[in-house]
Amino acid sequence: QVQLVESGGGLVQAGGSLRLSCAASGRTFSSYAMGWFRQAPGKEREFVASINRSGGITRSADSVKGRFSISRDNAKNTVYLQMNSLKPEDTAVYYCAADLTITAVTTPHQATYWGQGTQVTVSS
C-alpha cells in the first residue's frame, strides 16, 4: 500500500510556471507506475501525464504537450509535474495516482491509489 501527498499548487498568472510534487510513503515506490490527473469544477477527472516505474517512459495529454513534463526520483519517493506556460484553462485540482500492476496510469480507472489533490489556479 502507498500513501500519496501532493504539494506545490497555488495561484499563478498566465504564462507562469509551477512544479507539483507528490511524495509517496513506503519502501516500494519504484514498483508503482505513477500519473497526474486534474479535475476542474463541473468536469470529469482527466489524464495529464504518466511515467513508468523506472522513469524512462512518459506520456502526456495533448492539451499539455510541450508545456508540462513529468519526472520521478525513486530515491526520494517523489514524482513531479513541471508546468510551464500555464493557461487559465489549466486551473483545476491536480491529483497524483499510483498503480502496482500496470505499466502506465493513463485513465482514472487504472489507478489504485490517489492523493488528496492540490489546487492550481491560473489567472488571466
Side-chain heavy atoms under 4.5 angstrom apart, residues restricted to Ile, Leu, Val, Met, Phe, Trp, Tyr: same cluster for Val79 and Val64? yes
Taking the side chain as C-beta and beyond, is there a heavy-atom pair between [X] and [Y] under 4.5 Å?
{"X": "Gln82", "Y": "Phe68", "result": "no"}
{"X": "Leu18", "Y": "Leu86", "result": "yes"}
{"X": "Asn77", "Y": "Asn74", "result": "no"}

- Query: Stepwise, does the side-chain contact (heavy atoms from CB on, under 4.5 Å) test hold for Tyr80 with Asp73?
  - Reply: CA-CA 8 Å; Tyr80 304 98; Asp73 185 337; 4.1 Å; yes
If we count only N and O atoms by modelled type, under 3.5 Å, do the side chains of [X] and [Y] hold a donor and an acceptor together?
{"X": "Thr112", "Y": "Asp99", "answer": "yes"}
{"X": "Ser17", "Y": "Asn84", "answer": "yes"}
{"X": "Tyr94", "Y": "Arg38", "answer": "yes"}

* Is the count of non-hydrogen atoms from other residues, nucleotides or ligands lying under 6.0 Å from Arg59 atom CZ greater than 12? -> no
Original post:
Does NZ belonging to Lys76 count more than 12 external heavy atoms closer than 6.0 Å?
Top reply: no
Check: Hey, mind stepping through Cys22 and Trp36 against side-chain contact (heavy atoms from CB on, under 4.5 Å) and telling me if it holds?
Finding: CA-CA 9 Å; Cys22 174; Trp36 284 98; 3.7 Å; yes
Set out, in order, the CA-CA distance, both residues' side-chain angles and the distance that settles side-chain contact (heavy atoms from CB on, under 4.5 Å) for Leu81 and Val48, then state yes or no. CA-CA 9 Å; Leu81 184 68; Val48 176; 4.1 Å; yes
Polar side-chain atom of [X] near backbone of [Y] as donor-acceptor pair, under 3.5 Å:
{"X": "Lys87", "Y": "Ala14", "value": "no"}
{"X": "Glu6", "Y": "Ser21", "value": "no"}
{"X": "Ser25", "Y": "Gln3", "value": "yes"}

Tyr32 ring centre to Arg72 NZ or CZ under 6.0 Å, with the angle to the axis within 45°?
no
Assess the residue pair Val120 and Met83 against the criterion (side-chain contact (heavy atoms from CB on, under 4.5 Å)); give the C-alpha distance rounded to whole Å, side-chain angles, the decisive distance to 0.1 Å, and a yes or no. CA-CA 10 Å; Val120 171; Met83 306 186 295; 3.8 Å; yes
